[in-house]
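Inspection log for the structure reproduced underneath, given as structure tokens.
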Amino acid sequence: MREEYDIENLNPRKNPYSKKLKKQITINIDIDTIDFFKEQSKNSGIPYQTLINLYLTDCAKQKKQLQLSWN
């Protein structure tokens, strides 16, 4: 083994996932909403936090606009 390696020249390819890094946040979500995604998780086999992320990512990609009405 060498004492030192030139890391930059070992693997010149850039990480293809570096643009898709995730950031941990804290968010308050209604219990009913969490339960909904947990049930979807059981049916699909995908972790519920991943499902929430996939749903929000889809909304962002499609540039969905919120349609709220306060009664």
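Please read all numbers here as calculations on a predicted model, not as lab measurements.
- You'll find the side chain of L51 reaches within 4.5 Å of the side chain of S41, heavy atoms only.
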Residues 52-70, side-chain donor-acceptor partners within the protein, below 3.5 Å, at least two apart:
{"unit_1": "T57", "atom_1": "OG1", "unit_2": "N53", "atom_2": "O", "d": "2.7"}
{"unit_1": "D58", "atom_1": "OD1", "unit_2": "Q62", "atom_2": "NE2", "d": "2.8"}
{"unit_1": "D58", "atom_1": "OD2", "unit_2": "Q62", "atom_2": "NE2", "d": "3.3"}

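- Between atom CD1 of residue I29 and atom CD1 of residue I31 there is a gap of 11.5 Å, rounded to the nearest 0.5 Å.
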Name the atoms and distances for all side-chain donor-acceptor pairs under 3.5 Å in residues 32-40, with sequence neighbours left out.
none

